[in-house]
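Written out below as structure tokens is the structure these notes cover.
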Amino acid sequence: MKVDLIKRLAMGAFVGCFIVMLVMVFMSLERGPQNIQFDGMTIINAFLGSIVVGWAFSLSGLIYDKEDLSLPLQVMFQMGIGFIVLFSVAIYLGWLPLTFGIGVIIEWIIIAIIFASVSWLGFYIYYYLEAREINQKLQ
């Protein structure tokens with residue numbers, strides 16, 4: 001159990017940092033790398049915030065160990081916890097620009113849902129293929 005928890009924390013931190021850095025690269029490419037600068041506090045906040053959000057999504061994934069819950073309910077639980085933490089961190093750190101109007105907020109939410117869905121689907125496919133390979137070895 002301890003090893004699984006450490007693996008989840010490490011994976012959550014890694015995936016969270018990877019996604020935030022990917023977003024920062026896309027922002028730089030969109031605006032032109034010469035036109036954007038990230039100061040030290042922005043980098044530190046991005047690093048720490050992405051770890052917290054990554055942990056929220058990965059630790060809430062423990063719900064998949066409860067086999068008596070249906071998969072859609074497990075997904076809703078994990079995404080619900082993950083998005084509550086994501087939006088809380090995003091508002092606190094200023095990632096979600098509340099002052100720019102509802103259009104920007106909706107766009108931000110849609111992008112967050114797309115990133116989370118693609119990540120979830122990637123992990124689902126990976127573990128599905130792992131389980132299939134293990135089952136083939138057992139036969």
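All values below come from the heavy atoms of this structure, side chains included, with hydrogens, waters and symmetry mates left out.
Note: Ile110 CD1 to Ile105 CD1 = 12.0 Å, rounded to the nearest 0.5 Å. From Asn45, atom CG reaches atom OG of Ser50 across 10.5 Å, with rounding to the nearest 0.5 Å. Note that the CG atom of Leu73 and the CG atom of Asp68 stand 9.5 Å from one another [nearest 0.5 Å]. A distance of 10.0 Å separates CZ in Phe100 from CG in Leu98, rounded to the nearest 0.5 Å. Between Leu62 atom CG and Phe77 atom CZ the span is 9.0 Å, to the nearest 0.5 Å. Rounding to the nearest 0.5 Å gives a distance of 6.5 Å between OH of Tyr64 and CG of Leu71.
Following chains of ILVMFWY side-chain contacts shorter than 4.5 Å, one cannot reach Ile102 starting from Ile109, and the two form parts of different hydrophobic clusters. In terms of hydrophobic clustering, with Ile, Leu, Val, Met, Phe, Trp and Tyr side chains grouped at heavy-atom distances under 4.5 Å, Ile114 and Val53 are assigned to different clusters. Cluster annotation: Ile111 is connected to Ile113 through the hydrophobic network of ILVMFWY side chains, with a link wherever side-chain heavy atoms come within less than 4.5 Å. Side-chain heavy atoms closer than 4.5 Å link hydrophobic residues (I, L, V, M, F, W, Y) into clusters, and following such links, even through other members, never connects Ile91 to Ile84.
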Handout entry: Worked verdict on Gln78 versus Val75 for side chain to side chain contact (heavy atoms under 4.5 Å, CB included)
Key = CA-CA 5 Å; Gln78 182 191 24; Val75 172; 5.8 Å; no
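With sequence neighbours excluded, the residues satisfying ring pair (Phe, Tyr, Trp, His ring centres under 6.0 Å) with Phe83 are Phe57, Phe87. In this structure, the side chain to side chain contact (heavy atoms under 4.5 Å, CB included) partners of Asp39, at least two apart in sequence or on a different chain, are Met41, Thr42. Scanning for side-chain hydrogen bond (donor to acceptor under 3.5 Å, both in side chains) contacts around Gln74 gives an empty result, with sequence neighbours left out. Shown here are the side-chain hydrogen bond (donor to acceptor under 3.5 Å, both in side chains) partners of Tyr124, two or more places apart in sequence or in another chain: there are none.
Annotation for Glu130: atom CD counts as buried by contact number, over 12 foreign heavy atoms lying within 6.0 Å.
Arg132 is listed as a side-chain neighbour of Leu129, based on a closest heavy-atom distance under 4.5 Å.
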Would you mind writing out the side-chain donor-acceptor pairs for residues 8-37 within the sub-3.5 Å range, not counting sequence neighbours?
unit_1, atom_1, unit_2, atom_2, d
Arg8, NE, Asp4, OD2, 3.3
Arg8, NH1, Ser58, O, 3.3
Ser28, OG, Met24, O, 3.0
Asn35, ND2, Arg31, O, 3.0

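Applying the side-chain hydrogen bond (donor to acceptor under 3.5 Å, both in side chains) test to every pair with at least one member in residues 83-103, sequence neighbours left out, gives no pairs at all.
In plain terms, the two heavy atoms of Leu93 and Gly49 that are nearest each other are CD1-CA, 3.9 Å.
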